[in-house]
Amino acid sequence: MKTDYGKEIWALYTNGKLQPDSKLTGRFERSTVAADVDTVMQIIDDAREQELERRLREQAASEMD
């Protein structure tokens with residue numbers, strides 16, 4: 001029997017259900033839901049753009065001093 005404690009622990013952790021007394025089985029059922037990569041990449045690109053804008057504002061403010 002193959003066990004997968006690491007992925008089981010990670011799933012519990014990411015769902016906020018990992019506790020010191022969590023009973024582990026070594027069994028983990030993988031999600032069959034496809035990731036929405038386009039949406040994730042759009043969120044990352046938006047965050048990069050916001051950070052660039054913040055840095056440019058910061059730089060402009062420091063040049064005015």
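Note: hydrogens, waters and symmetry copies are ignored here, and every other heavy atom, side chains too, is used. Numbers here are sequence positions counted from 1. Keep in mind that what you see is a predicted model, and the values were worked out from it rather than measured.
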Apply side-chain contact (heavy atoms from CB on, under 4.5 Å) to residues Leu12 and Gln19 and explain how you reach the verdict.
CA-CA 8 Å; Leu12 289 169; Gln19 300 295 322; over 6 Å; no
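- The local environment of CD in Glu53 is crowded, with over 12 non-hydrogen atoms from other residues, nucleotides or ligands closer than 6.0 Å.
- A donor-acceptor pair is defined here as one N or O able to donate and one able to accept, closer than 3.5 Å; such a pair exists between the side chain of Glu8 and the backbone of Gly26.
- Under a 4.0 Å N-O distance rule, the pair Glu58/Arg55 does not qualify as a salt bridge.
- With sequence neighbours excluded, the residues that form a side-chain contact (heavy atoms from CB on, under 4.5 Å) with Ile9 are Leu18, Leu24.
- The closest side-chain donor-acceptor pair between Gln42 and Asp46 falls under 3.5 angstrom.
- Checked by atom type and distance alone, the side chain of Thr3 never pairs as donor or acceptor with a backbone atom of Tyr5 at under 3.5 Å.
- Side chains of Asp45 and Glu49 form no contact here, defined as non-hydrogen atoms less than 4.5 Å apart.
- The hydrophobic clustering, which links ILVMFWY residues whose side-chain heavy atoms are closer than 4.5 Å, places Ile43 and Val40 apart.
- The side-chain heavy atoms of Gln50 and Arg54, taken from C-beta on, include no pair separated by under 4.5 Å.
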